[in-house]
Amino acid sequence: MTDLPGPRRKPTAACPRPSRCAVEPPARPSGLVVSLPADYTAFCLLYQDRYLRYACARVADPGLSRELVETALGSVAINWASVLASHCPAAEAWNILGSLIAQAMRGHAAPKFCNAVYRALPPLQADLVILRHRLSLSDEQAADLMGVERPLVASQLRMAHRTMARRLPALPGADI
């Protein structure tokens, strides 16, 4: 046996070579059921499909989109008490999802329309353009999803339309 730094180990009869020792994983508790708060479950049921559609529009990779939405909802679950205590849980969750998507998109190509929209507009306006014109949500649905007031949606969309008409007149698929 070679002298190595640290405590000296003696081989035992039960396990003469460490490389041959099989480690058994811990047994799973049988019948374990994890329950989530009913209000969190309702929140997920209300928003998850639209979150996934939005992520797919932004990322154009269904697998990555699903992973981002699952991660966002997992983060919301972990912080559910503080999210629920916030001024607007929907806005908190939307910000988490948006941050995750922005991180994932760094250095990756997005669909042509989304790239143009996010280069030309501030994030709030770009999100609204995607929600209204790619996902066909109403102003009320977009406001609810993002956790903002409906009048803000209408005003931000007006500004977005003016900006995009000046900056993106020839972009295919940019008809809004």
Side-chain angles (χ1 to χ4, degrees), residues 36-37 39-176:
L36 297 168
D39 47 4
Y40 171 77
T41 302
F43 182 90
C44 288
L45 290 173
L46 182 62
Y47 293 114
Q48 68 185 358
D49 290 339
R50 287 182 280 171
Y51 283 174
L52 188 56
R53 288 178 54 218
Y54 169 76
C56 284
R58 289 281 314 272
V59 177
D61 177 340
L64 179 58
S65 297
R66 178 171 289 285
E67 184 179 319
L68 291 168
V69 172
E70 287 173 351
T71 301
L73 290 175
S75 182
V76 170
I78 290 167
N79 299 294
W80 184 241
S82 62
V83 168
L84 199 55
S86 72
H87 174 69
C88 183
E92 294 287 324
W94 183 259
N95 289 335
I96 291 168
L97 178 61
S99 295
L100 288 169
I101 290 173
Q103 281 180 327
M105 293 309 298
R106 285 192 191 108
H108 292 88
K112 187 175 181 180
F113 178 78
C114 285
N115 269 341
V117 169
Y118 283 89
R119 276 194 312 267
L121 299 172
L124 173 64
Q125 291 178 16
D127 286 346
L128 287 167
V129 167
I130 300 301
L131 292 174
R132 287 286 286 121
H133 300 289
R134 280 293 187 238
L135 276 69
S136 301
L137 299 183
S138 68
D139 284 4
E140 187 175 328
Q141 290 170 323
D144 177 59
L145 187 65
M146 295 177 72
V148 297
E149 297 295 322
R150 191 176 175 282
L152 178 69
V153 169
S155 69
Q156 292 295 308
L157 279 169
R158 278 193 301 277
M159 288 189 278
H161 291 160
R162 282 193 295 264
T163 301
M164 289 185 71
R166 285 192 313 268
R167 293 187 183 179
L168 307 172
L171 178 67
D175 303 326
I176 57 172

For Glu149, what residues pass the side chain to side chain contact (heavy atoms under 4.5 Å, CB included) criterion, not counting sequence neighbours?
-> Pro151
For Asp139, what residues pass the side chain to side chain donor-acceptor pair (under 3.5 Å) criterion, not counting sequence neighbours?
-> Arg132
Pairs where residues 59-77 contributes a residue and the test side chain to side chain donor-acceptor pair (under 3.5 Å) is met, not counting sequence neighbours = none
Output all residues satisfying side chain to side chain contact (heavy atoms under 4.5 Å, CB included) with Gln48, sequence neighbours left out; order by chain, then residue number.
-> Cys44, Leu45, Leu73
Side-chain heavy atoms of His161 within contact of His133, under 4.5 Å | yes
Residue pairs fulfilling ring-ring contact (aromatic ring centres under 6.0 Å, His included) with at least one residue in residues 135-160, sequence neighbours excluded | none
Could I get the full list of side chain to side chain donor-acceptor pair (under 3.5 Å) partners for Asp39, not counting sequence neighbours?
-> Trp80
Qualifying side chain to side chain donor-acceptor pair (under 3.5 Å) pairs, either residue in residues 150-159, two or more places apart | Gln125-Gln156
Look up atom OH in Tyr54 and atom CD1 in Ile130, then write down how far apart they are to the nearest 0.5 Å.
-> 7.5 Å
Could you give me the CA-CA distance, side-chain angles and deciding distance for Leu152 and Leu124, then say whether side-chain contact (heavy atoms from CB on, under 4.5 Å) is met?
-> CA-CA 10 Å; Leu152 178 69; Leu124 173 64; 4.2 Å; yes
Identify the two heavy atoms, one from Cys56 and one from Pro62, that lie closest to each other, and give their separation to 0.1 Å.
-> SG-CA, 4.2 Å
Sequence neighbours excluded, which residues qualify as side chain to side chain contact (heavy atoms under 4.5 Å, CB included) partners of Arg50?
-> Leu46, Tyr47, Arg53, Leu137, Gln141, Asp144, Leu145
Please output the side-chain donor-acceptor pairs of residues 90-102 that fall under 3.5 Å, not counting sequence neighbours, one pair per line with the distance.
residue	atom	partner	partner atom	Å
Trp94	NE1	Asp127	OD2	3.3
Asn95	ND2	Ala91	O	3.2
Ser99	OG	Asn95	O	3.0

Could you list the residues that satisfy ring-ring contact (aromatic ring centres under 6.0 Å, His included) with Tyr118, not counting sequence neighbours?
-> none
Rounded to the nearest 0.5 angstrom, the CD-CG distance for Gln103 and Leu68 is 9.5 Å
